[in-house]
S.K.: 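What follows is a structure written as structure tokens; I'll ask about it next.
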2 protein chains.
Amino acid sequence: MKNERQTEESQVEKFARYLQTNGMKFTKERRIILESAFATHRHFEVDDLLFQLRSNNKRVSKATIYRTLPLLVRSGLLREVHDDDKHTHYEHIYGHEHHDHLICLNCGKIIEFGNPIIESLQDEVCKQHEFTPVKHRYEILGYCRECVGKGHP
Amino acid sequence: MKNERQTEESQVEKFARYLQTNGMKFTKERRIILESAFATHRHFEVDDLLFQLRSNNKRVSKATIYRTLPLLVRSGLLREVHDDDKHTHYEHIYGHEHHDHLICLNCGKIIEFGNPIIESLQDEVCKQHEFTPVKHRYEILGYCRECVGKGHP
DNA sequence: TCTGAAATTGAGAAGCAATCGCAAAACAGG
DNA sequence: CCTGTTTTGCGATTGCTTCTCAATTTCAGA
Ligand SMILES: [Mn+2]
Ligand SMILES: [Mn+2]
Ligand SMILES: [Zn+2]
Ligand SMILES: [Zn+2]
């Protein structure tokens, strides 16, 4: 298991470096949002952060959260995840192995999977089409074991 | 190449069957929307249909289009496609081989690819997790050859 | 430590796709 | 035709996200 403290410092450093490189300032609001985003180890959305911040008596406006999350994405700390909800979810990528998702259409459970063979086939597909990949969305939607057991098709 | 006329009739029949099975009526509005959706062979969105209908002097309200497209999806004629736009796009699936997409982040071009090996590996992943797949989203985002040629990263 | 140009924030307004409520219209079976 | 049901159109509404702009904060340099 990783050293939690060291990991967190690295996240801060990485974000600070990104901001500085782009002439942006590392404000206390951005720090609060960064910490909040990494306080959980699950997928989260804007309202999760808002709720968490209010529970801790931290004040950051919703607008600032909406402005900061894309910065965390561009800095390589987070990525967007598209569940079956209509609004955007996020997850950590910094310090995590790349993976994709199985999403239960009934209970919403998310199972993570990583398959190196698929990833390399994917690279081949891109080469065949002379396409330079940047990222991908790969979500398999269906029913988890529990929900199938309960009769969900 | 397929017989266009026969294919279209089949689409109508399939939709009619779906509607009847679910106690719904095959109204002229639904027929107009179905025909409009299959008049193009590209991905399309609600506003594309609206524009096309107005060009042909057909009147169907936006609300009805929004109500009908999900029916066309459930009946197995269309599926949703998630480009990098924020609103929903659709494409035909009835009478088309399954495929996924490479999407250019610069020019928006969409390249379709089908890879049976990936699809079967995907089935294996689901089996390993005792997950019953229904559908998947698989989009690779990056830059097409032309855009890379023009210096886009 | 002080200063000031530049960046950032907060609060609410605005934008926009998508959905909803409801009265009028269309439909289908008898 | 009649009658119960479904569907439509329209406008209003929702919910997420972005925008506007005055007030505040930041930080490099004096
Ligand atoms: Mn994940
Ligand atoms: Mn396609
Ligand atoms: Zn489930
Ligand atoms: Zn391109």
Side-chain angles (χ1 to χ4, degrees), chain A residues 12-13 15-37 43-54 56-75 78-90 108, chain B residues 12 15-37 43-54 57-75 78-90 108:
Chain A
V12 171
E13 283 165 15
F15 192 37
R17 189 160 42 243
Y18 168 81
L19 291 172
Q20 185 159 41
T21 301
N22 293 82
M24 296 174 184
K25 294 169 179 172
F26 197 0
T27 64
K28 63 177 186 304
E29 286 84 2
R30 286 176 178 158
R31 181 181 296 272
I32 288 171
I33 293 167
L34 169 62
E35 285 167 358
S36 179
H43 296 191
F44 63 89
E45 55 188 88
V46 169
D47 280 337
D48 294 331
L49 293 194
L50 267 175
F51 180 77
Q52 197 201 313
L53 291 177
R54 280 179 194 150
N56 292 44
N57 276 328
K58 316 245 188 190
R59 276 164 249 273
V60 179
S61 75
K62 189 178 285 200
T64 298
I65 296 179
Y66 272 108
R67 282 188 284 237
T68 303
L69 287 175
L71 301 180
L72 290 169
V73 170
R74 282 182 227 129
S75 71
L78 301 181
R79 74 162 172 160
E80 295 187 356
V81 177
H82 300 272
D83 300 12
D84 236 23
D85 267 338
K86 55 205 65 178
H87 51 274
T88 309
H89 291 232
Y90 294 87
Chain B
V12 171
F15 191 37
R17 189 161 44 244
Y18 169 80
L19 292 171
Q20 186 158 41
T21 300
N22 294 82
M24 296 175 185
K25 294 169 180 173
F26 197 0
T27 64
K28 65 177 185 303
E29 287 83 2
R30 285 174 179 161
R31 180 181 296 272
I32 288 171
I33 293 167
L34 170 61
E35 286 168 357
S36 179
H43 297 191
F44 63 90
E45 55 189 89
V46 169
D47 280 339
D48 294 331
L49 293 192
L50 267 175
F51 179 77
Q52 198 199 312
L53 291 177
R54 279 179 193 149
N57 277 325
K58 316 244 187 191
R59 275 164 250 272
V60 179
S61 77
K62 191 177 285 200
T64 298
I65 296 179
Y66 272 109
R67 283 187 284 237
T68 302
L69 287 174
L71 302 180
L72 290 170
V73 169
R74 283 182 226 129
S75 70
L78 301 182
R79 75 162 171 159
E80 295 186 357
V81 177
H82 301 272
D83 300 12
D84 237 22
D85 266 339
K86 53 204 66 176
H87 51 274
T88 309
H89 290 231
Y90 295 87

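Order of the sequence lines sets the chain letters (A, B, ...), proteins ahead of strands, with each chain counted from 1.
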S.K.: Examine C/dA17: is either OP1 or OP2 under 4.0 Å from a nitrogen or oxygen in the side chain of B/Thr88? Give yes or no.
M.R.: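 For B/Thr88, the contact criterion (side-chain N or O under 4.0 Å from OP1 or OP2 of C/dA17) is not met.
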
S.K.: For DNA chain C, whose closest nucleotide is more 5', that of A/Lys62 or that of B/Gln20?
M.R.: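 That would be A/Lys62.
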
S.K.: What integer distance in Å separates B/His87:NE2 from C/dG15:C1'?
M.R.: 14 Å

S.K.: I'd like to check A/Leu53 versus A/Ile65 (side-chain heavy atoms, cut-off strictly below 4.5 Å). Are they in contact?
M.R.: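 With C-beta onward as the side chain, the pair touches.
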
S.K.: If only side-chain N and O atoms of B/Tyr66 are considered, is one of them under 4.0 Å from the OP1 or OP2 phosphate oxygen of C/dA18?
M.R.: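 Yes, B/Tyr66 has a side-chain N/O under 4.0 Å of OP1/OP2 on C/dA18.
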
S.K.: Between the base of D/dC27 and the side chain of A/Lys25, is one N or O donor paired with an acceptor at under 3.5 angstrom?
M.R.: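 When only heavy-atom distances are counted, A/Lys25 does not reach the base of D/dC27 through any donor-acceptor pair under 3.5 Å.
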
S.K.: Can you give me the closest heavy-atom contact between B/Lys25 and B/Arg30, atom names plus distance?
M.R.: O-NH1, 2.6 Å

S.K.: Between D/dT17, C/dG12, C/dT9, which one does the side chain of A/Ala63 approach most closely?
M.R.: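 Nearest listed nucleotide: C/dG12.
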
S.K.: Rounding to 10°, can you tell me the angle the first-five-pair axis of the helix from C/dT1-D/dA30 to C/dG30-D/dC1 makes with its last-five-pair axis?
M.R.: 30°

S.K.: Can you tell me the distance, in whole Å, between the CG atom of B/Leu19 and the P atom of C/dC27?
M.R.: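 The answer, rounded to whole Å, is 14 Å.
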
S.K.: Give the rounded distance in Å between these two atoms: CG of B/Asn22 and P of D/dT6.
M.R.: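 For the pair B/Asn22 CG and D/dT6 P, the rounded distance is 12 Å.
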
S.K.: Students often get this wrong, so: under 4.0 angstrom with heavy atoms, is B/Arg59 touching a base, only sugar-phosphate, or nothing?
M.R.: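 Answer is sugar-phosphate: B/Arg59 comes under 4.0 Å of backbone atoms only.
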
S.K.: To the nearest Å, give me how far apart CZ (A/Arg30) and C1' (C/dT8) are.
M.R.: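 A/Arg30 atom CZ is separated from C/dT8 atom C1' by 6 Å.
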
S.K.: Expressed in angstrom and rounded to an integer, what is the separation of B/Glu29 atom CD from C/dA24 atom P?
M.R.: 18 Å

S.K.: Of the nucleotides C/dC27, C/dT8, D/dC10, which one has an atom closest to the side chain of A/Thr27?
M.R.: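 My answer, after comparing the listed nucleotides, is C/dT8.
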
S.K.: Can B/Leu50 and B/Lys62 be said to form a side-chain contact (heavy atoms from CB on, under 4.5 Å), step by step?
M.R.: CA-CA 7 Å; B/Leu50 267 175; B/Lys62 191 177 285 200; 3.2 Å; yes

S.K.: Under the 3.5 angstrom rule, does the side chain of B/Arg31 hit a backbone N or O of B/Phe26 as a donor-acceptor pair?
M.R.: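 Not a single qualifying donor-acceptor pair exists.
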
S.K.: Using heavy atoms to find the nearest nucleotide of DNA chain C for B/Asp47 and B/Phe26 separately, return the residue whose nucleotide is more 5′.
M.R.: B/Asp47

S.K.: With side chains defined as the heavy atoms from C-beta onward, is the minimum distance between B/Phe15 and B/Leu71 less than 4.5 Å?
M.R.: yes

S.K.: If I take atom NZ in residue A/Lys28 and atom P in nucleotide C/dT9, what distance separates them, rounded to the nearest angstrom?
M.R.: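 To the nearest whole Å, that distance equals 9 Å.
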
S.K.: Please state how far atom CD in A/Glu80 lies from atom C1' in D/dC16, giving the value in whole angstrom units.
M.R.: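 To the nearest whole Å, that distance equals 13 Å.
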
S.K.: Return the value, rounded to whole Å, for the distance between atom CZ of A/Arg31 and atom P of C/dT8.
M.R.: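 Atom CZ in A/Arg31 sits about 15 Å away from atom P in C/dT8.
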
S.K.: Rounded to the nearest 0.5 Å, what's the gap from NE2 on A/His43 to CG on A/Asp48? Could you check?
M.R.: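 So the gap between those two atoms works out to 12.0 Å.
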
S.K.: Show your working on side-chain contact (heavy atoms from CB on, under 4.5 Å) between B/Leu78 and B/Phe44 and close with a plain yes or no.
M.R.: CA-CA 11 Å; B/Leu78 301 182; B/Phe44 63 90; 3.9 Å; yes

S.K.: Could you check B/Val60 against A/Lys86 and say which one's nearest nucleotide on DNA chain D is further toward the 5' end?
M.R.: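 It is B/Val60 whose nearest nucleotide is closer to the 5' end.
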
